[in-house]
Amino acid sequence: MTSERYNAREAEPKWRGVWEQKGLFDTRNDDPRPKYYVLEMFPYPSGRIHMGHVRNYAMGDVVARYKRARGFNVLHPMGWDAFGMPAENAAMANKTHPAAWTYANIATMRDQLKSMGLSLDWKREIATCDPSYYKHQQRMFLDFLEAGLIDRKTAKVNWDPVDRTVLANEQVIDGRGWRSGALVEQRELTQWFFKISDHAQDLLDALDGLDRWPEKVRTMQKNWIGRSEGLKVRFALDPATVPGGEGELEIYTTRPDTLFGAKFMALAPDHPLARAAAAKNPALAAFIDECKRMGTAQEAIDRAEKKGFDTGIRAVHPFDPSWTLPVYVANFILMDYGTGAIFGCPAHDQRDLDFVNAYGLGVRPVVCPEGTEPSTFTVTDVAYDGEGRMINSRFLDGMTPAEAREEVAKRLETETLNGRPVGERKVNFRLRDWGISRQRYWGCPIPVIHCDACGVVPVPKSDLPVKLPDDVTFDVPGNPLDRHPSWRNVPCPRCAKPARRETDTMDTFVDSSWYFARFTDPWNEADPTDPATADAWLPVDQYIGGIEHAILHLLYSRFFMRAMRRTGHAGIDEPFAGLFTQGMVVHETYRTADGSWVSPAEIRILSEGGERRAQLLATGEPVTIGSIEKMSKSKRNTVDPDDIIGSYGADTARWFMLSDSPPERDVIWTEEGVQGAARFTQRMWRLVNDIAVLPRAAPAAYGPAALAMRKAAHRALIRTEEDVERLRFNRCVAHVYELANALQAAIGAQETACPDDLAAALREAADILVAIVAPIMPHLAEECRSALGHATLAAETPWPVADRSLVVEDEITLPVQVNGKKRADVTVARDADSASIEAAVLALDAVRKALEDRPVRKIIVVPQRIVNVVG
RNA sequence: GCGGGCGUGGCGGAAUUGGUAGACGCGCCGGAUUUAGGUUCCGGUGGCGAGAGUCGUGGGGGUUCGAGUCCCUCCGCCCGCACCA
């Protein structure tokens, strides 16, 4: 009976030292055991770790430690997503260098992560801002360029006026830059693009094979890729109405079945035909200008009402030369989707309906819902986009829309205009190419040189890396590389004449698109990967991170893996076989009377008669308890992991993080919850010490109490296995509590000396308890294992072998229902047949009473489950 | 508007996937130990009822011997995408 408390502050560093000294978590590539690669999304070195990191890395560490105990060769590495804007902002604000700021943050955060007791292979640590990393990224850029995976083109791009850089479509959220929050403008710039859209179909198809990804993420990617099947249709233009002899207008539609409901054509404001018409029509030109002004901000586009301008051009209906349609320029048509032109069918498209209602162009329904009389079917304010039968559509009448689509496609494919088919089937994707050029300093330089004579010349691979110059300043806005002559001006590698380096750097999402592959062989100086080693480790078996990367990082990585395969750096397509997206850490918010936010560390919670109140620690001033929100600096509702680890220990923080809330949901951080977790560490320690003093024995047989103990232990073991495999950590925690409760009850029930059989059962149960706690609270597990007299470390102890025969009961107690309501229990032999169970059930007083003399109509016996008597 | 998810005690959540609703934790109530306790231990804790019971998983309906779980319908909340032709 020990009265000594478990001292996490002393024990935790001690055990970490032992693990490190024995190199327990260093992973060898030549280890013959089956591999398991578990990876958490690597952090941006922002300064200090936050509770979100603690949650993320605690989850990954449980998986890593569990799989290691199960005999896998586990790869569990850590690195730093170290390029990016905040380092430049810090450099501007503090007159430091981005590298100095970044590496200092890395040093701090590495220590913090180490204090969590994570079983990481630190020998594989990488930082993306290190030339030893980005050198290989530049090499792959050149390989991709050779393989035709990269394009340089002028395109309308998203320009962030605050960060003064280009953003990818994926980085524009609600029309604003994902970092700066500034309204994004559209600009024409020459940029480097990864041709991700060439892989759209493959990226879409392969989603079906990612069965260990959350359905939600797959759906989001599916929608983002945005495949649609349709028809390109070329409309002849009435020669009398065109500005400059244009003969035709090509549109894209997914609803060719509604062609007989067409009421107008519409062009994007920057469509060539619109420009040509505007050249001769000042009013139209003014309208287009107005659209463009609106168009600079994505958000304005979303809110703008439907506006159009009649160009006076008439388009000829493909099925009727005598039928012409007005051609409008409209503000809701996008130049970069389809062909930048549409035909409008108001009856069956809400947008088109709004448009004709504004311009008085009329509506003609061509699809009639089943059960509605065609002659009375009208569309006024709400477009009908459902199924039905074709009407008002000549040779299509009576068909379903699907049949009509096929019929129209068939006819238009064979019809010709100017010697080419009028219609052409076309699959369209919403996914655009990935623009990677950024006008920033703190990123991976794009390894090309611009020569007036030779054009774009790749930097010879032997000259890599193209290192960032150190001597830069951030006192003026813009890209310091642009104004660094000695770095920028270089001879052309091809003709040796004066030339200029590319001063754009790569989007930081490029850095994170292959780091998981680099971890497989981070020491390789010659190549980005050793393909055989990469293929042996990849795909990542379990990837864990936030849902915010559902599209950006995960889609880019999937593309990059394919590109690496094409260029011989790996042999697989999909980087992440299993993906888990964890929830956020949230906390109550607090405000003083004047409305300013107060941090949890500054207040005291008082509870009186079930009412919770808060007051300021310093002054006693009352504080309002507000809603539960994501931890954020602005609302000051953060809790510093250092403080928690300092006062309670890493194990308590890890334990609480994984208790209660399912890992995919948000977890509410509460002081009471942490204290509960801390209480359990002490309880576990006492329990283990109580058992450690019991005699060691090898009993010949186990009595009922000992057997019950063994059953409880093996049941907890089996359930924990199931739940760790499915990442249901909250249930794992519950199993631990249940076993601890059972152990405590068994010890408490002993009034005299503990018999040998029970002592042995308790020791076995304690070992199992330590084993199932170990992945979550690894330091405490070591201390307990040592107290129980074992010489080996918990971290290198194989997972206990569950005895499944123990959890199979000889006798089982079945609930007995009468007409669906539980009235009794019946205990029968496990393999009792239905007839004997029925007899036993009918003999029960409670059953006879519940039946109230009604005859038994039926008895349902569900083996091992339940009995229901129907009377 | 389109797509996805969710709704269970005072709170976080379990429920073997159609089979005893509320595991486990937090909180709360009572008792014991303690000079004291923000320690530890024991007991209790969905509502109503003295009790046998009875009601109960957002509301209503259905399928079934049996529904938190399946179907229909309504209500509420959350997330993602959004003029994509």
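What you see is a predicted model, and the numbers here were worked out from it, not measured in a lab. Order of the sequence lines fixes the chain letters, A, B, ..., with proteins taken first and strands second; residue numbering starts at 1 for each chain.
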May I have the distance from A/F680 (atom CZ) to B/rC26 (atom C1'), rounded to whole angstrom? 15 Å
Over how many whole Å does the gap from A/R679 atom CZ to B/rG37 atom P extend? 17 Å
Please work out if A/R665 contacts a base, only the sugar-phosphate, or nothing of the nucleic acid, heavy-atom cut-off 4.0 Å. sugar-phosphate
If we take the C1' atom in both B/rC70 and B/rU57, what is their distance in whole Å? 16 Å
Rounded to whole angstrom, note down the C1' distance from B/rC24 over to B/rU35. 36 Å
Could you go step by step and tell me if A/F680 and A/M777 meet the side chain to side chain contact (heavy atoms under 4.5 Å, CB included) rule? CA-CA 11 Å; A/F680 180 70; A/M777 298 203 280; 3.8 Å; yes
Using the ring-ring contact (aromatic ring centres under 6.0 Å, His included) rule, take A/F260 and A/H317 through it: C-alpha gap first, then chi angles, then the decisive distance, then the call. CA-CA 9 Å; A/F260 288 103; A/H317 195 282; 5.4 Å; yes
Among B/rU20, B/rA23, B/rG25, which is the nearest nucleotide to the side chain of A/Y737? B/rG25
Using a heavy-atom cut-off of 4.0 Å across all strands, would you classify A/K822 as base, sugar-phosphate, or nothing? base
Whole-Å distance separating the CZ atom of A/R218 from the P atom of B/rG80: 20 Å
Whole angstroms only, please: what is the CG-P distance between A/L552 and B/rG80? 13 Å
Enter the distance from A/N428:CG to A/S228:OG here, rounded to the nearest 0.5 Å. 5.0 Å
Compute whether any side-chain donor of one residue and acceptor of the other, for A/Q744 and A/R683, lie under 3.5 angstrom apart. yes
How close or far is atom C1' of B/rC78 from atom NZ of A/K630, stated in whole angstroms? 15 Å
For B/rU8 versus B/rU34, give the span between their P atoms, rounded off to a whole number of Å. 44 Å
Which dot-bracket string fits RNA chain B when only Watson-Crick or G-U wobble pairs with both atom distances under 3.5 Å count, crossing pairs get [ ], and | stands for a partner on a different strand? (((((((..(((......[....)))((((((.......))))))(((....)))..(((((..]....))))))))))))....
Could you measure between the two C1' atoms, the one in B/rG18 and the one in B/rC71, and give it in whole Å? 13 Å
Among B/rG19, B/rC41, B/rA14, find the nucleotide with the atom closest to the side chain of A/I866. B/rG19
If I take atom CG in residue A/D666 and atom C1' in nucleotide B/rC11, what distance separates them, rounded to the nearest angstrom? 16 Å
Distance check: side-chain N/O of A/K216 vs OP1/OP2 of B/rG4, anything under 4.0 Å? no
Tell me whether B/rG9 sits syn or anti, counting syn as a glycosidic angle within 90° of 0. syn
Between A/K306 and A/F332, is NZ or CZ placed under 6.0 angstrom from the six-membered ring centre and within 45° of the ring axis? yes
Ring centre gap for A/F656 and A/W669 strictly below 6.0 Å: yes
With respect to the phosphate group of B/rG25, does any side-chain polar atom (N or O) of A/N741 fall under 4.0 Å of OP1 or OP2? yes
Nearest-angstrom distance from the residue atom CG of A/D385 to C1' of B/rC2: 10 Å
Does A/L780 offer a backbone N or O that forms a donor-acceptor pair with the side chain of A/D651 under 3.5 Å? yes
Among B/rC24, B/rG25, B/rA14, which nucleotide has an atom closest to any side-chain atom of A/R683? B/rG25
Given RNA chain B, 5'-ward residue of the pair A/Q744 and A/G226, judged by closest heavy atom: A/Q744
Rounding to an integer number of angstrom, what distance separates B/rG22 and B/rG12 when you compare their C1' atoms? 13 Å
The side chain of A/R865 is closest to which nucleotide in this list: B/rC84, B/rG19, B/rG3? B/rG19
Please measure how far the C1' atom in B/rG27 lies from the corresponding atom in B/rU17, and state the result in whole Å. 31 Å
Contact list please: residues 251-266 of chain A against RNA chain B, heavy atoms, distance less than 4.0 Å, in numerical order. A/Y252, A/T253, A/T254, A/R255
To the nearest Å, how far apart are A/R823 CZ and B/rA52 P? 13 Å
When we call it a touch if two heavy atoms are under 4.0 Å apart, what does A/N730 touch: a base, just sugar-phosphate, or nothing? sugar-phosphate
Within the structure shown, what part of the strands sits under 4.0 Å from A/E738 by heavy-atom distance: base, sugar-phosphate, or nothing? sugar-phosphate
Given B/rG3, B/rA82, B/rG12, the nucleotide with the shortest approach to the side chain of A/R430: B/rA82
If the cut-off is 4.0 Å, is A/R351 near the phosphate of B/rC84, judged by side-chain N/O to OP1 or OP2? yes
Mind checking whether A/L555 and A/I196 have side chains closer than 4.5 Å, heavy atoms only? yes
Over 12 foreign heavy atoms within 6.0 Å of CD, A/Q201: yes
Quick check, are the ring centers of A/F264 and A/Y359 under 6.0 angstrom apart? no
Syn or anti: how is B/rU17 classified when any glycosidic angle within 90° of 0 counts as syn? syn
Work out how far the C1' atom of B/rA14 is from that of B/rU20, and round it to whole angstrom. 14 Å
What nucleic acid atoms does A/N868 come within less than 4.0 Å of, heavy atoms only: base, sugar-phosphate, or nothing? base
Same-atom distance (P) from B/rG53 to B/rG62, integer angstrom: 28 Å
Within the structure shown, what part of the strands sits under 4.0 Å from A/V862 by heavy-atom distance: base, sugar-phosphate, or nothing? base
Of A/G676 and A/V870, the one whose closest RNA chain B nucleotide lies more 5': A/G676
Give A/I547 one of three labels, base, sugar-phosphate or nothing, depending on what nucleic acid heavy atoms sit under 4.0 Å from its own. nothing
Could you work out which one of B/rG38, B/rC84, B/rC83 sits closest to the side chain of A/Q675? B/rG38
Tell me whether the rings of A/Y384 and A/H348 are parallel (<30°), tilted (30 to 60°) or perpendicular (>60°). perpendicular
Cation-pi between A/R430 and A/W224: NZ/CZ under 6.0 Å from ring centre and within 45° of the ring axis? yes
Has A/R686 got a side-chain N or O lying under 4.0 Å from the OP1 or OP2 atom of B/rC41? yes
If I take atom CZ from residue A/R679 and atom CD from residue A/E672, how far apart are they, to the nearest 0.5 angstrom? 9.5 Å
Among the candidates B/rU17, B/rC83, B/rG25, find the nucleotide nearest to the side-chain atoms of A/D660. B/rG25
Taking the minimum atom-to-atom distance to the side chain of A/M220, which one of B/rG80, B/rU17, B/rC79 wins? B/rG80
Listed nucleotide nearest any side-chain atom of A/R728, set B/rU40, B/rU17, B/rG19: B/rU17
From the set B/rC84, B/rU20, B/rG27, return the single nucleotide nearest to any side-chain atom of A/E672. B/rG27
